[in-house]
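See structure below.
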Amino acid sequence: MNTKAYIFDYGGTIDTAGCHWGKKLWHAYQQIQVPVNEQQFREAYVHAERTLGSNPIIKPTHTFHHLLDVKLRIELEFLLEQGYWNPSEQDYRETQRQLLDNLYAEVQQTVSHSRDVLCRLSERCPMVLVSNFYGNIEVVLREFQLDSLFESVIESAVVGIRKPDHRIFSLGVEALQRLNPSLNLQPADITVVGDSFYKDILPARKAGCRTVWFKGEGWTDESYDETVPNLVITDLDQLL
């Protein structure tokens with residue numbers, strides 16, 4: 001794709017190939033046959049996201065492996081507290097271990113592919129990362145050997161602005177402009193790549209950027225106008 005610079009989303013884009021994290025987790029539950037239904041899981045997922053979003057549980061030094069472990073424990077404990085699941089102590093520990101091991105291995109595999117694509121793109125033009133995250137994205141990037149690919153990282157927990165507020169993408173634009181003055185970058189010269197139509201594509205357009213929607217499995221069955229983004233992809237390598 002012809003662009004002068006990129007802004008990439010992280011979660012759901014680089015680590016799950018366009019699949020919403022809620023769906024990614026639900027499929028992991030299904031894979032090992034955790035005896036809860038999808039509605040019960042969704043309640044647990046939303047509870048965990050709200051808990052992590054409103055409490056400083058995740059520290060800047062925590063790896064993604066630790067974050068995933070904490071997220072799963074909060075979900076599973078919620079299922080227990082609600083009476084949706086009643087395992088033995090051994091079954092609980094084994095379920096938590098299997099979920100963690102399976103999901104982390106899948107993320108490693110997906111990120112490996114993403115890293116190959118991002119390495120090639122970084123040779124063509126500058127890139128920054130704009131992410132709603134928990135304050136530990138820098139550690140996560142190092143964990144997956146992605147830290148050298150982005151000139152700057154704009155993280156919601158650090159800057160105090162969360163998507164879908166378009167101003168967080170404007171911060172990404174400003175970082176690219178500041179770090180690459182010779183390119184004379186304007187927002188329209190910069191392409192935002194993200195998996196969320198609502199949190200990435202629409203606010204990025206409002207910030208004046210071009211957009212690429214990484215279309216994967218969403219959290220809902222809602223359909224979107226695919227003429228809104230400049231490009232729709234189903235694999236990052238389609239950017240090459």
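Throughout, numbering of the chain's residues begins at 1 and tracks the sequence.
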Answer yes if [X] and [Y] sit in the same cluster of Ile, Leu, Val, Met, Phe, Trp and Tyr residues linked by side chain heavy atoms under 4.5 Å apart, and no otherwise.
X: Val128; Y: Val139; result: no
X: Leu79; Y: Leu52; result: yes
X: Trp21; Y: Leu146; result: yes
X: Phe133; Y: Tyr198; result: no
X: Val111; Y: Phe150; result: yes

Side chains of [X] and [Y]: does their closest heavy-atom pair fall under 4.5 Å?
X: Glu75; Y: His47; answer: no
X: Leu103; Y: Leu72; answer: yes
X: Met127; Y: Ile7; answer: no
X: Leu183; Y: Asp189; answer: no
X: Val140; Y: Thr63; answer: no
X: Val153; Y: Tyr10; answer: no
X: Val228; Y: Arg205; answer: yes
X: Trp85; Y: Phe78; answer: no

Pair Glu151, Asn180: side-chain N/O donor-acceptor within cut-off below 3.5 Å:
yes
Any donor-acceptor N or O pair under 3.5 Å, side chains Tyr29, Glu38:
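There is no such pair (donor and acceptor under 3.5 Å, judged by atom type) between the side chains of Tyr29 and Glu38.
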Could you check whether any side-chain N or O of [X] sits under 3.5 Å from a backbone N or O of [Y], counting only pairs where one atom can act as donor and the other as acceptor?
X: Asp15; Y: Gly12; value: yes
X: Asp165; Y: Ile161; value: no
X: Glu217; Y: Cys19; value: no
X: Ser122; Y: Cys119; value: yes
X: Thr191; Y: Thr3; value: no
X: Trp213; Y: Asp195; value: yes
X: Asp91; Y: Pro87; value: no
X: Gln238; Y: Asp235; value: yes
X: Asn136; Y: His62; value: yes
X: Ser156; Y: Arg162; value: no

Measuring from [X]:[atom1] to [Y]:[atom2], what's the distance to the nearest 0.5 Å?
X: Arg167; Y: Lys206; atom1: CZ; atom2: NZ; result: 9.5 Å
X: Ile168; Y: Ile154; atom1: CD1; atom2: CD1; result: 7.5 Å
X: Arg73; Y: Leu100; atom1: CZ; atom2: CG; result: 8.0 Å
X: Glu43; Y: Asn37; atom1: CD; atom2: CG; result: 8.5 Å
X: Phe144; Y: Ser112; atom1: CZ; atom2: OG; result: 11.0 Å
X: Lys59; Y: Leu67; atom1: NZ; atom2: CG; result: 13.0 Å

Criterion side chain to side chain contact (heavy atoms under 4.5 Å, CB included) on Trp26 and Arg42, from CA distance to verdict:
CA-CA 8 Å; Trp26 170 237; Arg42 281 175 173 260; over 6 Å; no
Go through the steps to decide whether Leu176 and Ile190 satisfy the test side chain to side chain contact (heavy atoms under 4.5 Å, CB included), and finish with yes or no.
CA-CA 9 Å; Leu176 284 164; Ile190 298 167; 3.8 Å; yes
Under 6.0 Å from the [atom1] atom of [X], do we count more than 12 heavy atoms belonging to anything else shown?
X: Lys23; atom1: NZ; result: yes
X: Asn86; atom1: CG; result: no
X: Arg124; atom1: CZ; result: yes
X: Lys163; atom1: NZ; result: yes

Over all atoms of both residues, closest heavy-atom pair of [X] and [Y]:
X: Asp9; Y: Gly11; result: OD2-O, 2.9 Å
X: Glu106; Y: Lys24; result: OE1-NZ, 3.0 Å
X: Gly22; Y: Phe41; result: O-CE2, 3.2 Å
X: Val173; Y: Cys209; result: CG2-SG, 3.6 Å
X: Ala5; Y: Leu185; result: CB-CD1, 4.1 Å
X: Ser131; Y: Ile137; result: OG-CD1, 4.5 Å

Using side chain to side chain contact (heavy atoms under 4.5 Å, CB included), reason through Leu179 and Ser152 one step at a time and then give a plain yes or no.
CA-CA 9 Å; Leu179 295 167; Ser152 181; 4.0 Å; yes
For Tyr45 and Trp219, take the angle between the two ring planes, folded into 0 to 90°, and tell me which bin it lands in: parallel under 30, tilted 30 to 60, perpendicular over 60.
tilted
Just say parallel, tilted or perpendicular for the rings of Tyr104 and Phe64, cut-offs at 30° and 60°.
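Tyr104 and Phe64: parallel rings.
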Before you tell me yes or no, could you show the steps for Phe8 and Leu121 under side chain to side chain contact (heavy atoms under 4.5 Å, CB included), namely the whole-Å CA-CA distance, both residues' side-chain angles and the distance that decides it to 0.1 Å?
CA-CA 11 Å; Phe8 275 90; Leu121 288 175; 3.7 Å; yes
Does [X] pair with [Y] as a salt bridge, N-O distance under 4.0 Å?
X: Lys71; Y: Glu49; result: yes
X: Glu89; Y: Arg93; result: yes
X: Asp116; Y: Arg120; result: no

In a check of side chain to side chain contact (heavy atoms under 4.5 Å, CB included) between Val212 and each of Leu239, Asn230, Val232, which one passes?
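Going through Leu239, Asn230, Val232 one by one, the side chain to side chain contact (heavy atoms under 4.5 Å, CB included) with Val212 is satisfied by Leu239 alone.
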Walk me through whether Glu155 and Asn132 qualify under side chain to side chain donor-acceptor pair (under 3.5 Å).
CA-CA 6 Å; Glu155 183 180 10; Asn132 283 355; over 6 Å; no
